[in-house]
Structure formats: structure tokens, C-alpha cells
A.B. asks: 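Attaching a single structure in C-alpha cells format; questions to follow.
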Amino acid sequence: MNRRGLIALMRTSAIVVMAFLVAPEAVPAQKGGAAQKDSKDPKGDKNPKPGQTPTPYNPYPPGILPADLESELDRIRREVTVVFQQALAQWHALPPPNLTGQPPTFQGSGYDMVQTLGKLMNYDLNMSVFKNMACASCHLPYAGFSGPIPSVNLTMIAYPGSFRFRAGKRTAQRYTYSPWYPVLQLNETQGLFFGGNFWDSRATGYLLQNPDAEQAQHPPVDTQEMGLPDTACIAFRLSQAEYRPLFEQVWGMGSLNIKFPHDTEQICATPGGAAVFGTDTTPVKLSPEDRTQANRVFDNWGQSLDAFEKSREVSPFTSKFDAFLASPTTTPLTPDEMAGYALFRGQAACNTCHVDGRGSTQTPGTGFDGVPSTTTGTDTSHAATVNPLFTCFGSANEGLPLNPRNAFYYQTTPDFFGFTPNPFGFAYRDLGMGTFLRSGFGSAPNPNSEWIPFAPATDGQFEVSTARNVAMTPLGCTTEAPGPFFQKEFFHNGYIKSLKQLVHFYNTRDLFAFPVTSGHCPPGTIEKVNCWPMPEVRNNLDMTTGNLALTDLQENQIVAFLQTLTDGFTKPYPNRNIFTGTCMTGAPGTANASASTQGNDSLIPTPPLPPCASAICGVAPFPTMPIP
């Protein structure tokens with residue numbers, strides 16, 4: 001046997017041992033106070049020994065993992081399974097396919113077929129390394145297809161992955177209306193980027209020419225999420241799926257006939273990042289022909305999920321605002337909603353980014369550099385767009401403080417598989433698009449070298465999300481304390497906990513700015529009320545907002561308008577009723593007695609911050625000014 005063959009045999013043997021050691025079920029949270037190591041060997045064990053029980057990854061101090069995490073993950077699995085079974089029934093109810101015409105088209109049923117396939121994939125728990133997590137596990141309908149666990153939204157911010165308790169580094173972004181984002185592009189005249197998916201726009205869509213389809217390809221092979229070690233594992237799991245016949249109807253008979261090696265099951269049951277793989281991102285050893293076919297299946301995976309996300313089940317344009325646009329006299333906005341809408345496109349300057357198909361009436365020269373925004377009046381013109389998406393598809397740095405609750409900061413030790421998610425700890429800074437353009441740590445490779453020089457101008461910038469469904473919650477609940485409220489998290493790092501706080505942040509960020517980190521506001525101030533800690537990244541700060549001179553009533557009116565953007569007004573929003581958890585009610589005298597201080601009882605002090613790691617802030621082209 002040659003040396004290469006011997007190495008391959010040794011690696012396969014190690015993977016087989018791992019696969020038998022690691023159960024596909026979730027593992028219980030560790031008990032105790034201090035941050036605990038994930039195994040007896042603090043450096044992790046590259047080759048676990050027979051009989052050694054895999055332990056959860058829990059490097060966290062007390063309070064980062066919520067106490068109800070296990071029961072909530074169980075709830076999510078049950079809810080996901082309910083919708084998966086629903087999708088199976090929808091598949092079996094489809095009429096026989098009629099492929100006809102030139103080019104061949106599934107006449108009458110093509111949309112239903114590909115959207116149903118995408119729905120099955122979205123709710124399939126088997127598409128994760130331990131078969132315990134679907135795409136939908138972090139994105140359920142009643143939360144606007146964003147994070148469905150209130151306690152996670154309050155505490156650890158990023159959602160736990162298939163291998164417990166690795167976790168990501170940002171909030172679970174809503175994917176309602178995400179299919180409408182264009183391929184990432186640089187507008188050279190404006191000097192601005194538009195398009196892409198993800199908070200940092202790293203799903204550019206450069207190859208599929210569809211950012212949303214590319215976005216769907218990332219979580220399955222993200223070490224912190226679904227955790228598969230090879231994109232071919234998606235093709236392998238689909239070849240075993242109950243709905244394989246539907247996949248082959250849509251994408252071609254024999255499309256899943258791939259000759260997988262005998263060790264594929266073991267490889268795909270070992271999480272990405274495991275030391276046994278080294279730097280190999282294609283540990284499933286396929287022939288060139290089979291690798292090409294598996295890549296095609298992976299593309300079809302993304303395209304099918306995109307079709308589902310563009311369907312009426314996810315992005316239906318059924319909000320009260322849509323009804324108002326269709327007939328203002330039949331479905332008028334309330335006085336507070338209408339006042340909020342006028343502020344949204346006027347004094348508050350919201351539609352300078354969350355565009356609504358009309359012009360902004362903000363007075364020129366106001367709303368910048370500390371000059372309070374004023375309005376020239378109310379735009380009474382007809383809407384230029386009857387289905388506005390409430391985003392400009394661009395990116396901005398709104399100046400959010402570093403959130404020390406983010407689980408990513410604490411993942412500094414190796415896990416059971418020898419993988420260290422964040423070796424930089426609190427020296428990590430999230431530069432958003434700037435890191436992506438540098439192909440930096442925690443992002444993805446930049447496929448366009450011409451964009452690299454623009455990295456310093458995008459440091460700290462994050463995608464402008466659609467304002468649609470920002471207020472979506474389970475039926476009978478709201479986003480706002482005292483409730484009953486469903487605790488959500490807003491912006492990329494989950495620092496903001498209510499829409500009232502969100503609007504107040506835009507209104508007073510610069511008015512109540514303090515040179516402190518979160519958890520250290522001066523005595524006599526209240527964080528998020530009259531104290532805003534300093535931005536995590538000061539570079540490229542958006543000054544459109546920050547000192548808008550809005551009154552408390554006007555803030556509330558903007559919140560009322562944002563609530564009109566929730567789908568489900570003209571017809572019920574599908575599966576919004578599957579929530580089996582409990583919404584909260586804020587008790588008098590507590591932080592949750594008011595939306596202004598909602599979640600403040602979970603604030604923790606930011607530890608002394610080391611300088612930004614050179615592997616992040618010291619990568620050329622360098623930031624325009626130092627990032628502390």
C-alpha cells in the first residue's frame with residue numbers, strides 16, 4: 001500500500017470510530033458554574049478512544065446558555081416535524097406531472113413541484129450532521145422565518161448548531177423576501193455595494209446568479225450550524241430521503257445516482273472542522289464525474305429552497321400595508337399608523353434605506369452630522385411600486401455596540417472533535433462586509449478581486465434587511481413588552497430587544513452616546529434609554545440617523561406602522577399557528593414592564609476588551625482608522 005492509501009485508510013478508520021461514538025441526538029447541557037471544558041483533554045481529542053463518551057461543547061460562563069435550551073430545542077424539533085409531515089402530504093397530493101413543450105416544462109404543476117420540494121428540504125432534520133437540525137430550526141414562520149426560541153434571542157444570540165453547543169456569531173436573519181435581493185454588485189458611480197444575501201452579503205450569487213439560492217448552500221456545511229463536512233453529504237442524504245422521487249422528477253431521473261464510497265455515512269456523521277479532516281473540505285472521495293454530479297445536486301438544493309422562500313408560504317405580500325396600497329379607502333391605516341408612515345418617510349428618514357416606493361420628504365441637509373432631521377411635508381403621490389420591499393439592498397454601519405452575550409466570543413477552546421470555533425475570543429471584531437471583501441476569518445472567499453480595495457469603506461457595514469415581517473410573532477403575541485410578548489432580537493448582533501428600542505436607537509444614538517461598553521453605562525443612566533454604549537466599529541458610521549428629535553409618541557407611531565408590514569392580514573400566514581411555546585408577560589417593576597427596557601435584566605458587563613486581533617483588523621487593505 002502506498003503512503004497516500006495508508007493515510008486515507010487511517011483517516012477513514014478514525015472517522016468510523018468517531019461515527020460510532022457520537023449519537024445523532026442532542027446532548028444535554030452541562031451543569032455547573034464555571035466555564036467547562038468539552039472533554040477531559042482540554043486540547044480536544046483528535047482520535048477519541050473506544051468507549052469515550054462525546055461531551056457537549058460548553059465553554060460558556062453561567063447564563064450564556066439559557067436554562068430551558070434543551071426543552072426548547074425539543075419543541076423546535078417537534079414543530080419542524082409537523083410541517084415536514086405537512087409537506088409530505090402536499091407532495092403526495094400533487095397531480096401526475098405533465099412534462100411537455102420545448103423546452104420541456106411541467107405544465108400546470110411546475111411551481112408546486114419545485115416549491116414543495118424546497119419545503120421538504122427546509123424542514124428535513126436529516127440534512128444536518130447528527131440528523132437533529134433542519135434549515136427551519138433557526139427560521140420558523142411565526143418568527144418571520146427568523147429565530148424561534150425566545151430564550152436564545154435573549155441570552156446567547158446565535159443559535160446552537162447540530163453539534164451541541166457550537167453556535168454561530170450572528171442572529172438568524174429573516175428570509176422572508178430574501179429571494180428578491182439581486183446578485184451582489186458594486187455601483188461604481190455611487191461607490192456602494194448592493195445585493196447579496198447574509199448580514200455580510202457573502203452569498204453573492206456570482207455562480208448561480210441567485211444570492212438566495214447560494215445562501216441556502218452555506219448553513220448545511222457551516223461548522224457552527226448544520227455541520228456537514230462536505231457539500232456531497234447533501235447529495236448523499238437526499239439520495240436516502242423519502243422524497244427522493246420528487247427530487248428526481250424535478251431535476252432529472254438518475255440525478256442522485258452517485259457512486260458514494262463505503263465510508264460516506266461515517267464521514268457525513270462527523271461534523272465539519274473535526275481535526276481528523278485537517279484542511280480537507282472534500283473528505284468524501286468521489287470520481288471527477290460523481291463530484292460534478294454531486295455539485296449539480298448541491299446547486300439544485302439551493303435553487304429548490306429559493307423557490308420555496310419565494311412562494312406564498314414565505315413571501316406572500318399579505319400585510320395590512322399591502323391591503324392599504326391596493327385600496328386606501330377600503331383598508332385605511334389608523335391615525336397612529338398613518339402618522340408613523342409619514343414619519344417613516346419623513347423626519348425619521350427610515351425610507352432612505354428601507355425604501356417604500358415613494359420619495360423621502362426629509363429636508364435636505366438635515367438628519368446628518370448631529371443636525372436633527374426635519375420634513376418638508378407629506379408625500380401624497382401615488383406609490384411608484386405596488387409591492388415595495390422596504391430595503392435598498394445596500395449595507396450600512398448603524399453603530400451597534402459590541403454585545404458580550406454573543407456565544408461566539410466564548411468558543412475559544414477545542415471541542416470534542418478538536419475544533420476551536422473562535423481562537424480570538426473578545427479580540428474578535430465583526431467588520432461585516434469589510435471582512436468578507438478581505439476573504440477574512442468567519443466569512444467566505446470573495447469571488448471578485450476588484451472589490452478588495454473597497455474593504456476599508458465597508459468595515460462595520462451590514463445588509464439592510466427588509467422591514468417586512470420585522471414585527472411577526474406567534475398569534476396572540478407581540479414583539480413589545482409588557483406583552484404578552486415573544487422575545488425577538490434585532491440587528492446582526494441581537495443587541496436590540498424590541499421595536500421601541502430599535503426606533504429609539506435610531507432616534508437618540510448620538511444624543512445619548514457614551515464612551516463605554518455595554519453593561520457599563522454611568523450611574524444615573526439606563527442603558528438603551530439614555531445611554532448608548534460606543535459602537536463596536538466606528539468606521540463608516542451611517543449618520544443619516546442618530547439624532548432625529550422624535551418624541552416618545554412619534555417613536556410609538558413608527559412602531560405602529562412597522563406592525564402593518566406583518567404578513568397575514570389579507571389571508572392567514574401559513575403555519576404561523578404551529579408555535580407550542582409560551583409568550584411572556586412583563587411584571588410591574590421589572591425591566592420587561594416596558595418595551596423601552598425590555599431584556600435589560602439580561603445585560604451583562606462587557607469584559608475588558610483586548611485589541612482587535614491582527615488576523616481580523618490587520619489584514620490588508622487596512623481599515624481607514626484603527627479599530628480598538
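Model, not experiment: these values are computed from the prediction.
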A.B. asks: Using the side chain to side chain contact (heavy atoms under 4.5 Å, CB included) rule, pick out the option among P404, P608, C612 that qualifies with F426.
C.D. replies: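 Testing each of P404, P608, C612 against F426, the sole residue satisfying side chain to side chain contact (heavy atoms under 4.5 Å, CB included) is P404.
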
A.B. asks: So which heavy atom on Q501 is nearest to which on N600, and how close?
C.D. replies: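 Taking every non-hydrogen atom into account, NE2-OD1, 4.5 Å.
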
A.B. asks: Step by step, work out the side chain to side chain contact (heavy atoms under 4.5 Å, CB included) result for Q217 and F298.
C.D. replies: CA-CA 7 Å; Q217 294 179 319; F298 194 54; 3.4 Å; yes

A.B. asks: Is there a side-chain contact between T478 and F486, using heavy atoms and a 4.5 Å cut-off?
C.D. replies: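 No, too far: nothing below the 4.5 Å cut-off.
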
A.B. asks: Could you check whether any side-chain heavy atom of C477 comes within less than 4.5 Å of a side-chain heavy atom of F485, counting everything from C-beta outward?
C.D. replies: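 Answer no - side chains too far apart.
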
A.B. asks: Got a second to check how far S137's OG is from L125's CG, nearest 0.5 Å?
C.D. replies: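 It comes to 5.5 Å.
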
A.B. asks: What verdict does the side chain to side chain contact (heavy atoms under 4.5 Å, CB included) test give for N58 and L65, after you've listed the backbone C-alpha separation in whole Å, the side-chain angles of each residue and the deciding distance to 0.1 Å?
C.D. replies: CA-CA 9 Å; N58 189 355; L65 298 185; 3.8 Å; yes

A.B. asks: Consider side chain to side chain donor-acceptor pair (under 3.5 Å). Of D356, N351, T564, which one does Y341 pass it with?
C.D. replies: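 For Y341, the side chain to side chain donor-acceptor pair (under 3.5 Å) check succeeds only for D356.
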
A.B. asks: Looking at side-chain heavy atoms only, is the closest gap between L140 and V80 below 4.5 Å?
C.D. replies: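 The answer is yes, as the side chains (C-beta and beyond) meet within the 4.5 Å cut-off.
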
A.B. asks: Return the CG to CZ distance between L431 and F441, rounded to the nearest 0.5 Å.
C.D. replies: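 It comes to 12.0 Å.
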
A.B. asks: Strictly under 6.0 Å, is that where the ring centroids of Y57 and F419 end up?
C.D. replies: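 Between F419 and Y57, which both carry aromatic rings, the centre distance is not below 6.0 Å.
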
A.B. asks: Ring centroids only, cut at 6.0 angstrom: are F393 and F194 within range, meaning strictly under it?
C.D. replies: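 Aromatic pair excluded; centres sit 6.0 Å or further apart.
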
A.B. asks: Looking at every heavy atom in both A213 and L208, which two are closest together, and how far apart are they?
C.D. replies: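 For A213 versus L208, the nearest heavy atoms are CB-CD1, 3.9 Å.
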
A.B. asks: Are F390 and F344 an aromatic pair, judged by ring center distance below 6.0 Å?
C.D. replies: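 Distance test on ring centres: under 6.0 Å, yes.
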
A.B. asks: Just how far is it from atom OG1 of T223 to atom CG of L228, taken to the nearest 0.5 Å?
C.D. replies: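 Going from the OG1 atom of T223 to the CG atom of L228 covers 11.5 Å.
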
A.B. asks: How about F505 and W532: are their ring centroids closer than 6.0 Å?
C.D. replies: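 Ring centres of W532 and F505 closer than 6.0 Å.
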
A.B. asks: So, does E527 use its side chain to make a donor-acceptor pair with the main chain of G519 at under 3.5 Å?
C.D. replies: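 Pair found, side chain donor or acceptor close to backbone of G519.
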
A.B. asks: Could you verify whether a donor N or O on one side chain and an acceptor N or O on the other, from D200 and S443, lie under 3.5 Å apart?
C.D. replies: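 Indeed, the side chains of D200 and S443 share at least one donor-acceptor pair under 3.5 Å.
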
A.B. asks: Do you know which of T544, N540, T545 makes side chain to side chain donor-acceptor pair (under 3.5 Å) with D542?
C.D. replies: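 When side chain to side chain donor-acceptor pair (under 3.5 Å) is applied between D542 and each of T544, N540, T545, only T544 qualifies.
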
A.B. asks: Within the distance-only criterion (no hydrogens, no angle test), does the side chain of S128 pair as donor or acceptor with the backbone N or O of M133 below 3.5 angstrom?
C.D. replies: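 Yes.
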
A.B. asks: Please confirm whether the backbone N or O of S602 pairs with a side-chain atom of R405, one donor and one acceptor, at under 3.5 Å?
C.D. replies: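 Pair found, side chain donor or acceptor close to backbone of S602.
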
A.B. asks: Ignoring hydrogens and angles, state whether a donor on the side chain of Q411 or T420 is under 3.5 Å from an acceptor on the partner side chain.
C.D. replies: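 No pair is found: no donor N or O on one side chain lies under 3.5 Å from an acceptor on the other.
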
A.B. asks: Any donor-acceptor pair under 3.5 Å linking the side-chain atoms of E214 with those of Y206?
C.D. replies: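 No pair is found: no donor N or O on one side chain lies under 3.5 Å from an acceptor on the other.
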
A.B. asks: Is there a donor-acceptor contact under 3.5 Å linking the side chains of D212 and S178?
C.D. replies: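 Judged by distance alone, the side chains do pair up.
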
A.B. asks: Could you tell me whether F317 and Y177 have their ring centroids closer than 6.0 angstrom?
C.D. replies: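 That pair passes the under 6.0 Å test.
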
A.B. asks: Is there a donor-acceptor contact under 3.5 Å from the side chain of T412 to the main chain of N422?
C.D. replies: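 Checking the backbone N and O of N422 against the side chain of T412, no donor-acceptor pair under 3.5 Å is found.
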
A.B. asks: Would you say the side-chain atoms of N507 pair up with the backbone N or O of A549, donor to acceptor, closer than 3.5 Å?
C.D. replies: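 Yes, because the side chain of N507 sits within donor-acceptor range (under 3.5 Å) of the backbone of A549.
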
A.B. asks: For S439 and N446, which I'm curious about, is there any donor-acceptor pair between the side chains at under 3.5 Å?
C.D. replies: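 Result is no, nothing qualifies.
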
A.B. asks: Do I149 and I76 come close enough that some side-chain heavy atom pair is under 4.5 Å?
C.D. replies: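 Counting from C-beta outward, I149 and I76 do come under 4.5 Å.
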
A.B. asks: Taking all non-hydrogen atoms of both residues into account, name the closest pair between P160 and L69 and its distance.
C.D. replies: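 Answer, listing the atom of P160 first, then L69: CG-CD1, 4.2 Å.
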
A.B. asks: Is the backbone of Y142 close enough, under 3.5 Å, to the side chain of N575 for a donor and an acceptor to pair up by distance?
C.D. replies: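 Such a contact is absent between N575 side chain and Y142 backbone.
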
A.B. asks: Before you tell me yes or no, could you show the steps for F165 and Y410 under ring pair (Phe, Tyr, Trp, His ring centres under 6.0 Å), namely the whole-Å CA-CA distance, both residues' side-chain angles and the distance that decides it to 0.1 Å?
C.D. replies: CA-CA 11 Å; F165 291 100; Y410 304 95; over 10 Å; no

A.B. asks: Show the numbers, then the answer: is there a ring pair (Phe, Tyr, Trp, His ring centres under 6.0 Å) between F454 and W451?
C.D. replies: CA-CA 6 Å; F454 292 89; W451 294 345; 9.1 Å; no

A.B. asks: Out of curiosity, H218 NE2 to C135 SG, how far, rounded to the nearest 0.5 Å?
C.D. replies: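 It comes to 12.5 Å.
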
A.B. asks: Identify the two heavy atoms, one from A595 and one from E480, that lie closest to each other, and give their separation to 0.1 Å.
C.D. replies: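 Closest pair (atom of A595, atom of E480, distance): CB-OE1, 3.5 Å.
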
A.B. asks: Could you go through D68 and S151, starting from their C-alpha distance and side-chain angles, then the distance that decides it, and tell me whether this counts as side-chain hydrogen bond (donor to acceptor under 3.5 Å, both in side chains)?
C.D. replies: CA-CA 7 Å; D68 65 350; S151 59; 2.7 Å; yes

A.B. asks: I need the minimum non-hydrogen distance between A471 and K488, along with the two atoms involved.
C.D. replies: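 Scanning both residues, the minimum pair turns out to be C-NZ, 4.4 Å.
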
A.B. asks: Should K500 and E555 count as an ion pair when the cut-off is N to O under 4.0 Å?
C.D. replies: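 Salt bridge present between K500 and E555.
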
A.B. asks: Are the side chains of R174 and F145 in contact, using a 4.5 Å heavy-atom criterion?
C.D. replies: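 Of all side-chain heavy-atom pairs linking R174 with F145, none is under 4.5 Å.
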
A.B. asks: So F462 and H492, would you call those rings parallel, tilted or perpendicular, with 30° and 60° as cut-offs?
C.D. replies: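 Parallel: the ring planes of F462 and H492 meet at under 30°.
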
A.B. asks: Is there a side-chain contact between F308 and E313, using heavy atoms and a 4.5 Å cut-off?
C.D. replies: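 Heavy-atom side-chain distance check passes, below 4.5 Å.
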
A.B. asks: When you compare the side chain of F491 with that of T171, does any pair of heavy atoms fall below 4.5 Å?
C.D. replies: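 No, too far: nothing below the 4.5 Å cut-off.
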
A.B. asks: Does R509 count as lying over the ring of Y506, i.e. NZ or CZ under 6.0 Å from the six-ring centre, within 45 degrees of the axis?
C.D. replies: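 That pair does not qualify as a cation-pi contact.
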
A.B. asks: Any side-chain donor-acceptor pair under 3.5 Å between Q173 and E463?
C.D. replies: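 Yes, E463 and Q173 have a side-chain donor paired with an acceptor closer than 3.5 Å.
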
A.B. asks: Tell me, do F321 and P388 make a side-chain contact under 4.5 Å, heavy atoms counted?
C.D. replies: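 F321 reaches P388 side chain to side chain.
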
A.B. asks: Can you tell me if E536 and Y495 form a side-chain donor-acceptor pair at under 3.5 Å?
C.D. replies: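 Distance-only check fails for E536 and Y495.
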
A.B. asks: Tell me whether the guanidinium CZ or amine NZ of K169 lies under 6.0 angstrom from the six-membered ring centre of Y409 and within 45° of its axis.
C.D. replies: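 Because its charged atom misses either the 6.0 Å distance or the 45° angle limit, K169 does not stack over Y409.
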
A.B. asks: Can you find a side-chain donor-acceptor pair between D567 and N469 that sits under 3.5 Å?
C.D. replies: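 Present: a donor and an acceptor within the cut-off.
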
A.B. asks: I'd like to know if the side chain of N592 and the backbone of A481 have a donor-acceptor N/O pair within less than 3.5 Å.
C.D. replies: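 Not a single qualifying donor-acceptor pair exists.
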
A.B. asks: Test your reading of the model: is there a side-chain donor-acceptor pair from Q347 to the backbone of Q554, 3.5 Å cut-off?
C.D. replies: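 Not at all, since once roles are kept as given, no pair shorter than 3.5 Å links the two residues.
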
A.B. asks: Considering only NZ, NE, NH1 and NH2 on the basic side and carboxylate oxygens on the acidic side, decide whether D415 and R166 come within less than 4.0 Å.
C.D. replies: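 Salt bridge present between D415 and R166.
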
A.B. asks: Can you tell me if D510 and N547 form a side-chain donor-acceptor pair at under 3.5 Å?
C.D. replies: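 Per modelled atom types, D510 and N547 side chains form no pair under 3.5 Å.
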
A.B. asks: Quick one: does any side-chain atom of R538 pair with a main-chain N or O of G399 as donor and acceptor, under 3.5 Å?
C.D. replies: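 No, because the side chain of R538 does not come within donor-acceptor range (under 3.5 Å) of the backbone of G399.
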
A.B. asks: If you compare the SG positions of C531 and C521, is the separation below 2.5 angstrom?
C.D. replies: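 Looking at C521 and C531, their sulfur gamma atoms lie closer than 2.5 Å, so the answer is yes.
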
A.B. asks: Determine the minimum heavy-atom distance between H504 and K528, stating which atoms define it.
C.D. replies: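 The pair with the smallest heavy-atom distance is CD2-O, 3.3 Å.
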
A.B. asks: Working to the nearest 0.5 angstrom, can you tell me the gap between M433 CE and L184 CG?
C.D. replies: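 Reported value, rounded in 0.5 Å steps: 5.5 Å.
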
A.B. asks: Determine yes or no for a side-chain-to-main-chain donor-acceptor pair under 3.5 angstrom, with Q487 supplying the side chain and L154 the backbone.
C.D. replies: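 Absent.
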
A.B. asks: Between CG of N387 and CZ of R468, what distance do you get to the nearest 0.5 Å?
C.D. replies: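 Interatomic distance, N387 CG to R468 CZ, rounded to 0.5 Å: 7.0 Å.
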
A.B. asks: For the residue pair S465 / W199, report whether a side-chain donor-acceptor contact shorter than 3.5 Å exists.
C.D. replies: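 The criterion, which ignores hydrogens and geometry beyond distance, is not satisfied for S465 and W199.
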
